[in-house]
Number of protein chains: 2
Amino acid sequence: MDIKSYMHNVGVEARNASRAMAKAETNTKNLALTTIAKAILREKDALLAANQQDLAAAKAAGMEAAMLDRLTLTEKSIATMAEGLQQIASLADPIGEISDMKYRPSGIQIGKMRVPLGVIGIIYEARPNVTVDAAGLCIKSGNATILRGGSEAIHCNQALAKLVHEGLAAAGLPKAAVQVVETTDRAAVGELITMKEFVDVIVPRGGKGLIERISADARIPVIKHLDGNCHVYVDDEADFEKAIRIVENSKTQRLGTCNTTESLLVARSVSHSMLPKIAEMLISKGIEIRGCAETCALVPAAKKASEEDFYTEYLDAIISCKVVEGLDEAIAHINQHSSQHTEAIVTENYTKARRFLREVDSSSVMVNASTRFADGFEYGLGAEIGISTDKLHARGPVGLDGLTSLKYIVLGDGHVRA
Amino acid sequence: MDIKSYMHNVGVEARNASRAMAKAETNTKNLALTTIAKAILREKDALLAANQQDLAAAKAAGMEAAMLDRLTLTEKSIATMAEGLQQIASLADPIGEISDMKYRPSGIQIGKMRVPLGVIGIIYEARPNVTVDAAGLCIKSGNATILRGGSEAIHCNQALAKLVHEGLAAAGLPKAAVQVVETTDRAAVGELITMKEFVDVIVPRGGKGLIERISADARIPVIKHLDGNCHVYVDDEADFEKAIRIVENSKTQRLGTCNTTESLLVARSVSHSMLPKIAEMLISKGIEIRGCAETCALVPAAKKASEEDFYTEYLDAIISCKVVEGLDEAIAHINQHSSQHTEAIVTENYTKARRFLREVDSSSVMVNASTRFADGFEYGLGAEIGISTDKLHARGPVGLDGLTSLKYIVLGDGHVRA
């Protein structure tokens with residue numbers, strides 16, 4: 001197969017399908033989503049069989065356990081996929097929403113209409129559930145999508161593609177609204193991220209390595225989610241009970257998520273009273289502490305942190321810890337070292353809470369709440385395609401709105417410019 | 001001078017200044033703006049002298065008349081610059097604005113805060129007024145900016161930079177909040193558009209060639225404004241008086257602006273009655289008509305249009321014209337040929353107006369109004385840094401909000417995730 005002409009054709013079909021998707025009615029899109037959900041439940045045996053093919057090949061190729069785990073479908077994960085589609089169907093349709101219609105002195109009335117981005121290319125690792133989530137979000141947001149999943153999931157992804165197409169057909173929507181790239185050739189990714197005329201945005205989902213490679217080579221805007229080096233700052237006016245609860249939840253509820261706290265800052269004047277107890281809690285949960293000199297003096301079990309530690313997203317049972325003079329140093333340290341994902345302050349002081357919210361330059365900034373809340377479902381977006389650490393376009397958890405744009409609409413009655 | 005290390009230093013200083021700008025109070029920013037406005041009026045003789053230096057060199061180098069015109073400062077254009085700054089000062093401060101604060105079932109309260117993008121690189125041709133406009137918009141929106149104007153305006157731009165720095169100093173804001181690149185070496189542009197760690201977005205202002213070059217080479221997101229191949233579609237249910245008024249204003253009010261209509265579509269069933277009269281009006285205004293076969297049959301003075309004509313932004317006394325069957329063909333033609341800037345329908349039909357608004361994929365879509373309204377001032381944005389024909393982030397006229405981002409803020413009372 002000639003990859004270049006294959007992908008060109010995929011692009012042409014996606015662009016054409018995007019026109020039909022943009023004008024699709026809400027109940028048409030919902031019918032596609034619920035039909036896919038039902039088909040997934042109905043065909044669960046076939047999906048499990050396709051997944052077994054992928055798993056056998058992956059095991060033979062020596063895939064590591066964590067990746068095998070993500071590749072594996074179960075009856076439960078299939079039910080979760082179907083449920084996810086039902087949830088997306090139940091969300092309000094963002095497309096066509098009109099806002100801020102105002103009359104101007106010239107007599108025209110001007111406002112904004114929410115519209116799809118067009119064609120979204122999604123590149124992800126060997127996780128079949130992403131195929132369904134991404135297809136669902138793109139259908140509901142009126143976009144066409146080109147999905148390129150990890151080659152190790154190809155059989156399962158192709159089986160899912162068939163069910164997605166069944167749903168689109170049942171609703172009278174074009175099959176090309178969701179295309180799963182049929183080749184495992186890596187050259188297809190190179191084409192996808194450079195077909196400017198056919199693809200409006202690329203969303204990579206996966207590890208930092210994948211995302212950095214794609215961002216470096218893409219000639220199309222990328223909504224990217226790099227690392228989550230999240231901080232909790234325990235202020236000198238923190239309530240101790242809240243501090244210990246928030247640090248515990250932020251660091252230990254789950255170790256491997258991007259909104260897990262990786263670095264703890266404690267104000268100097270309360271470091272003697274609070275830090276040993278917080279450290280004791282963390283150590284009792286199996287967390288290794290890598291601290292600054294003052295931390296190590298207060299917490300004998302702590303190891304010495306290197307400067308590199310303060311830039312690190314561990315995704316593991318490790319936390320870096322630094323004693324700071326107060327709010328100014330905490331904000332400066334965060335803005336220097338953070339990946340601009342999510343940061344929280346624990347304080348009872350109104351003015352300091354307000355300053356932290358305004359001056360910390362991250363996609364989510366919190367007062368007296370766990371960084372683990374940074375999530376599309378928790379924020380009420382209903383679903384998310386990722387968490388953007390960019391500032392342009394979507395920032396933070398990206399739900400349906402992040403897959404849309406706003407155009408201006410102008411209503412007149414024969415008005416012309418003076 | 002080592003350009004690479006010079007620009008690196010500019011980047012470091014801009015990033016540092018952006019922190020101070022992000023937290024600057026509204027009246028501090030306004031004081032800077034009004035001080036600069038006053039300084040510009042006070043130093044008008046010095047500015048005119050610096051401009052004379054630039055003009056003499058440009059004339060000696062054989063610069064063409066239109067470019068010389070844009071390079072020239074006058075007492076009036078100096079007054080307009082100062083007035084523009086006063087206007088920006090009078091706009092509401094977008095920074096820190098909080099919206100959509102809602103409680104979630106978990107107990108957290110979540111919403112969004114508007115924040116600056118950070119550091120904005122602006123690249124433009126030899127137009128000294130852009131130096132002041134861009135500096136003003138970036139100051140008000142809490143960003144630091146690096147300005148790289150056309151080398152032919154270097155003396156004038158340096159003179160303006162001094163006055164901008166006077167205003168920043170008067171308000172206690174860092175000088176590096178607005179840096180005018182001091183070298184005319186083109187390598188500086190190459191550095192500016194690839195310094196990912198220091199620059200958050202690039203805004204090129206100028207001709208299509210400049211913008212395409214910058215977009216191709218940039219490693220930083222670009223808010224771009226390519227061409228404006230705008231359309232007016234005269235529907236079969238158009239009011240004739242409105243049609244002729246809107247076509248006249250859209251095409252002939254100014255020929256060289258991006259929101260000028262370049263292509264006219266007329267529904268077949270009214271082409272016999274309306275097109276000859278519209279053509280007569282256009283011809284009487286000195287406009288050349290390049291039409292499809294049916295147009296040429298109805299309008300003897302029309303020349304035959306090539307397919308290329310329908311893709312062309314003339315910026316001149318020429319309009320392309322095509323007879324279409326009706327709304328479907330008009331929408332399909334526009335979505336194929338337009339540059340996605342601004343399109344208008346003239347119709348009295350409610351359903352067709354609604355379909356045109358929804359299905360035309362351009363940054364501004366209008367009913368019964370002139371395309372010439374597509375403009376930041378006309379839309380009530382107060383000022384604009386350009387008109388984006390992109391879909392991501394800012395689309396259409398880009399005002400202060402387009403230079404900002406939204407971060408999530410979360411307020412809790414010790415809340416943790418279950």
Side-chain angles (χ1 to χ4, degrees), chain A residues 19 22-23 96 102 104 106 108 110 113 115 117-118 200-201 216 221 223 239 241-242 245-246 248-250 253 335 344 346 355 357-359 361-370 372-374 378-380 390-393 395-397 405-417, chain B residues 19 22-23 96 102 104 106 108 110 113 115 117-118 200-201 219 221 223 239 241-242 245-246 248-250 253 335 344 346 355 357-359 361-370 372-374 378-380 390-393 395-397 405-417:
Chain A
R19 302 286 179 213
K23 61 185 177 186
K102 287 175 187 158
R104 295 284 305 153
S106 62
I108 61 171
I110 155 100
M113 181 188 284
V115 292
L117 287 174
D200 296 292
V201 63
I223 295 179
D239 174 290
E241 294 307 322
K242 290 176 189 170
R245 189 159 72 233
I246 287 167
E248 178 187 2
N249 189 261
S250 296
Q253 199 218 8
N335 284 342
V346 187
R355 275 196 58 205
L357 287 171
R358 168 100 184 232
E359 295 178 28
D361 186 19
S362 296
S363 72
S364 288
V365 188
M366 305 184 167
V367 179
N368 293 344
S370 166
R372 288 277 298 129
F373 280 115
E378 292 293 336
Y379 283 7
D390 282 325
K391 285 186 185 176
L392 247 68
H393 196 68
R395 192 177 191 194
S405 179
L406 295 167
K407 70 182 177 192
Y408 284 100
I409 60 176
V410 173
L411 307 181
D413 190 33
H415 289 86
V416 298
R417 192 160 161 188
Chain B
R19 303 286 178 214
K23 60 185 178 185
K102 287 175 187 159
R104 295 285 304 155
S106 63
I108 60 172
I110 155 100
M113 182 188 284
V115 292
L117 288 173
D200 295 293
V201 64
R219 306 310 296 149
I223 296 179
D239 175 289
E241 294 307 323
K242 290 177 189 170
R245 189 158 70 235
I246 287 167
E248 177 187 2
N249 189 260
S250 297
Q253 199 218 9
N335 285 341
V346 186
R355 275 196 58 205
L357 286 171
R358 168 96 185 235
E359 295 177 29
D361 187 19
S362 295
S363 73
S364 288
V365 188
M366 305 183 168
V367 179
N368 293 345
S370 166
R372 288 276 299 128
F373 280 116
E378 291 293 337
Y379 284 7
D390 282 325
K391 286 187 185 176
L392 247 67
H393 195 68
R395 193 177 191 194
S405 178
L406 294 167
K407 70 182 178 192
Y408 284 99
I409 61 175
V410 173
L411 307 182
D413 190 32
H415 288 86
V416 298
R417 191 159 162 189

Exercise. Would a 4.5 Å heavy-atom cut-off, applied to side chains only, mark A:Q253 and B:V416 as touching?
Worked result: no

Problem set entry | Those residues that, when tested against B:H393, pass side-chain contact (heavy atoms from CB on, under 4.5 Å) (two or more places apart) | A:L392, A:H393, B:L117, B:I223

Exercise. How would you list, by chain and number, every residue that makes a side-chain contact (heavy atoms from CB on, under 4.5 Å) with A:E378, sequence neighbours excluded?
Worked result: A:F373, A:D375, B:S106, B:R417

Problem set entry | Contact origin within A:N335 toward chain B - heavy atom pairs under 4.5 Å | both

Exercise. Heavy-atom distance under 4.5 Å to chain B: side chain of A:V201, backbone, both or neither?
Worked result: side chain

Exercise. Using a cut-off of under 4.5 Å for heavy-atom pairs, which of A:A344, A:P221, A:S370, A:G118 has the most such pairs with chain B?
Worked result: A:S370

Problem set entry | Under 4.5 Å from a heavy atom of chain A, the part of B:V115 involved | side chain

Exercise. When you look at A:D413 and B:K242, which way does the salt bridge (Lys or Arg N to Asp or Glu O under 4.0 Å) test go after all the steps?
Worked result: CA-CA 8 Å; A:D413 190 33; B:K242 290 177 189 170; 2.7 Å; yes

Seminar exercise, completed: Counting heavy-atom pairs under 4.5 angstrom with chain A, the leader among B:E248, B:E241, B:R219, B:R355 is B:R219

For this session: Of all the heavy-atom pairs spanning B:G414 and A:I246, show the shortest one and how long it is.
Result: CA-CD1, 3.8 Å

Problem set entry | Which portion of A:R104 sits near chain B, non-hydrogen atoms under 4.5 angstrom | side chain

Exercise. Given a strict heavy-atom distance threshold of 4.5 Å, which part of B:S363 is in contact with chain A: side chain, backbone, both, or neither?
Worked result: backbone

Exercise. Looking only at heavy atoms, what is the nearest atom pair of A:R395 and B:S405, with distance?
Worked result: CD-OG, 3.4 Å

Problem set entry | Side chain / backbone / both / neither for B:I108 at chain A, heavy atoms under 4.5 Å | side chain

Exercise. Any idea which heavy atoms bring A:K407 and B:R358 closest together, and the distance?
Worked result: NZ-O, 3.2 Å

For this session: Under 4.5 Å heavy-atom distance to chain B, tell me which part of A:S362 shows up: side chain, backbone, both or neither.
Result: backbone

For this session: Flag the one option from B:G396, B:S250, B:G380 with the top tally of heavy-atom pairs under 4.5 Å to chain A.
Result: B:G380

